[in-house]
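Structure first, then comments.
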Amino acid sequence: MKVSAEQPKIIVVGSSSIDLVLNTSFHPEPNETVIAQKSETFFGGKGANQSVGTARLGASTFFIGCVGIDPYGQQILRNLVDENVNVGFVHEDLDHATGTAYVTAAHGKNAIVVVPSANYCLEPKHLESAERFFSTADLVLTQLEIPMSVVEKTYEFAKKYNKKLGIYASPAARISEEILEYASFIVAKSNELSIIFGEESREKILRKYPNKLFVRDDANSTIYHNGSEMKYHRNDPEDMPNKMGMGDAFTSGFSIALCHGNEIDDCVKFGNDVSLKVAQKRGSQTGLPKLKDFGL
């Protein structure tokens, strides 16, 4: 992958959370109690993950989100600042707690319950104070752990200033055709395509969005259509202690490669490489790499 001399400027509009992980022997069934071997706490939220991911890979990153005025919110803001992410446009909500995610981890699989809380208090008006930064950004990133009205406002600003727009379409929701057509790239999970795009075959959906839609699965595999054929990239980790945040890591790596002017195939390869790194450590942000980790 080539790296230009220019530092990419990226705006991330999205969620942040504290991830509370319970490590168990198996996932509990209804009316069943399970004893956890240990509990762990990590920084998470798809927006915060991508902010840290792109900042560690050399971008000047601005995060627009919402936290509560509570200890978790302060911890998240402090962590983002420590990661060189600009948090000047993070809204602090007086009435709602900071978002949390409760994760039961067993046998390499996660059962996750997300409590959006303050993340759902982010409003389109909160983006307006940051509008001037959209005019100078190289790329705008968003995900779907925030209200769709905010995603739509993010699209409006990206379109107004003719900026690249990247969407990690998770958790899956129906996105307007207008936004899908404008987006520079869309990352989606293989088992959620019907929610986002409707009841068509995966191949037909991929053909409809050549070099734009990148479909991921749990094995660190990415598939897309380049306009003439299907393309596959897969990095099977020898050991995968963590599957949380792999999609965010892929999106971060892909975004950085794209901002540096790389071809789509190289962007996908680099995204997979970044995702492989994050899978090797516990937590969505812990294993996010820096450019020097790839000799760049």
Side-chain angles (χ1 to χ4, degrees), residues 1-15 46-65 85-86 89 124 127-128 130-146 148 150-170 175-188 196 206 208-216 222 224-227 231 247-272 274-275 291:
M1 188 190 83
K2 66 180 181 181
V3 178
S4 64
E6 295 295 322
Q7 182 184 35
K9 182 176 180 180
I10 295 176
I11 294 175
V12 181
V13 181
S15 60
K46 297 184 187 305
N49 294 344
Q50 291 176 27
S51 295
V52 173
T54 53
R56 285 192 186 178
L57 292 170
S60 173
T61 303
F62 292 72
F63 176 59
I64 301 174
V85 175
N86 188 310
F89 296 101
L127 274 65
E128 293 171 1
E131 180 175 354
R132 69 183 187 275
F133 288 95
F134 281 82
S135 66
T136 60
D138 296 299
L139 173 67
V140 180
L141 284 176
T142 193
Q143 322 80 34
L144 305 183
E145 285 184 331
I146 53 176
M148 188 58 72
V150 178
V151 175
E152 292 167 352
K153 189 67 174 182
T154 303
Y155 151 71
E156 289 174 13
F157 278 161
K159 184 177 181 180
K160 179 178 179 178
Y161 294 106
N162 193 30
K163 299 301 178 181
K164 294 183 179 70
L165 174 65
I167 301 172
Y168 181 22
S170 180
I175 302 172
S176 73
E177 194 64 34
E178 187 179 30
I179 296 177
L180 293 175
E181 287 298 328
Y182 181 81
S184 302
F185 67 89
I186 304 156
V187 179
I196 305 163
L206 284 164
K208 187 177 179 180
Y209 299 98
N211 286 327
K212 176 184 283 195
L213 175 60
F214 303 90
V215 178
R216 301 267 305 162
T222 308
Y224 68 102
H225 195 275
N226 68 357
K231 300 283 287 184
D248 296 320
F250 172 85
T251 303
S252 299
F254 184 99
S255 298
I256 291 296
L258 187 67
C259 286
H260 284 296
N262 290 273
E263 298 294 329
I264 289 296
D265 199 55
D266 291 325
C267 293
V268 174
K269 288 179 180 177
F270 189 62
N272 266 31
V274 173
S275 184
L291 286 178

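Excluded from the calculations below are hydrogen atoms, water molecules and symmetry mates; all remaining heavy atoms, backbone and side chain alike, are included.
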Practice task
State whether the side chain of K269 and the backbone N or O of M1 hold a donor-acceptor pair below 3.5 Å, judged by distance alone.
Solution key: no

To the nearest 0.5 Å, atom NZ of K231 lies from atom CG of L206 at 14.0 Å

The reported gap from OH in Y182 to NZ in K164 (rounded to nearest 0.5 angstrom) is 9.5 Å

Residues 4-12 side chain polar contacts: donor-acceptor under 3.5 Å, at least two apart:
from: S4; atom 1: OG; to: H260; atom 2: ND1; distance (Å): 2.9
from: Q7; atom 1: NE2; to: G58; atom 2: O; distance (Å): 3.2
from: K9; atom 1: NZ; to: T136; atom 2: OG1; distance (Å): 2.4

N/O donor-acceptor pair under 3.5 Å between N262 side chain and K2 backbone = yes

- E156 with K153: basic N within carboxylate O range, under 4.0 Å: yes

>> Between I175 and L144, does the side-chain contact (heavy atoms from CB on, under 4.5 Å) criterion hold? Intermediate values first, please.
In response: CA-CA 10 Å; I175 302 172; L144 305 183; 4.0 Å; yes

(Q) I'd like to check V140 versus F157 (side-chain heavy atoms, cut-off strictly below 4.5 Å). Are they in contact? (A) no

Given K46 and Y168, is the side-chain contact (heavy atoms from CB on, under 4.5 Å) satisfied, shown in steps? CA-CA 9 Å; K46 297 184 187 305; Y168 181 22; 4.1 Å; yes

Here the gap from N272 atom CG to F250 atom CZ, rounded to the nearest 0.5 Å, amounts to 6.0 Å

Nearest heavy-atom approach of V13 to Q143 is O-OE1, 3.6 Å

| task | Start with the C-alpha distance between F133 and F62, add both sets of side-chain angles, then the distance that settles ring-ring contact (aromatic ring centres under 6.0 Å, His included), and finish with yes or no. | result | CA-CA 9 Å; F133 288 95; F62 292 72; 4.9 Å; yes

CG (D138) and SG (C259) are apart, to the nearest 0.5 Å, by 5.5 Å

OG of S170 to CD1 of I196, rounded to nearest 0.5 Å, is 7.5 Å

task: Name the orientation class of the two ring planes belonging to F214 and Y224 (parallel below 30°, tilted from 30 to 60°, perpendicular beyond 60°).
output: tilted

>> Tell me if a side-chain donor or acceptor on K163 pairs with a main-chain N or O of S135 at a distance below 3.5 Å.
In response: yes

In this structure, CD1 of I167 is separated from CD1 of I186 (nearest 0.5 Å) by 5.5 Å

Checklist entry - So do F134 and K160 actually touch side chain to side chain, heavy atoms under 4.5 Å? => result no

Practice item. Spell out, as yes or no, whether a donor-acceptor pair under 3.5 Å connects the side chain of T222 to the backbone of V215. Key: no

### Query
Would R56 and S252 count as having a side-chain donor-acceptor pair, cut-off 3.5 Å?
no

Heavy-atom closest pair (P210 atom, N226 atom, distance to 0.1 Å) is CB-C, 4.3 Å

- [ ] Find out whether F185 and I264 are in side-chain contact, i.e. whether some heavy atom of one side chain is under 4.5 Å from a heavy atom of the other.
- [x] no

Residues L141 and S255: closest non-hydrogen pair is CD2-OG, 3.5 Å

On a heavy-atom basis, the closest approach of G253 and L57 is CA-CD1, 3.9 Å

Exactly one candidate in V274, D266, V268 meets side chain to side chain contact (heavy atoms under 4.5 Å, CB included) with F254; the answer is V268

Tightest non-hydrogen contact, residues I146 and G14, listed as CG2-C, 3.6 Å

Neighbour count above 12 (heavy atom, 6.0 Å) for E131 CD: yes

Scanning both residues in full, the closest heavy-atom pair of A55 with T61 reads N-OG1, 3.5 Å

Q: Would you check if the side chain of T54 reaches a backbone N or O of Q50 as a donor-acceptor pair within less than 3.5 Å?
A: yes

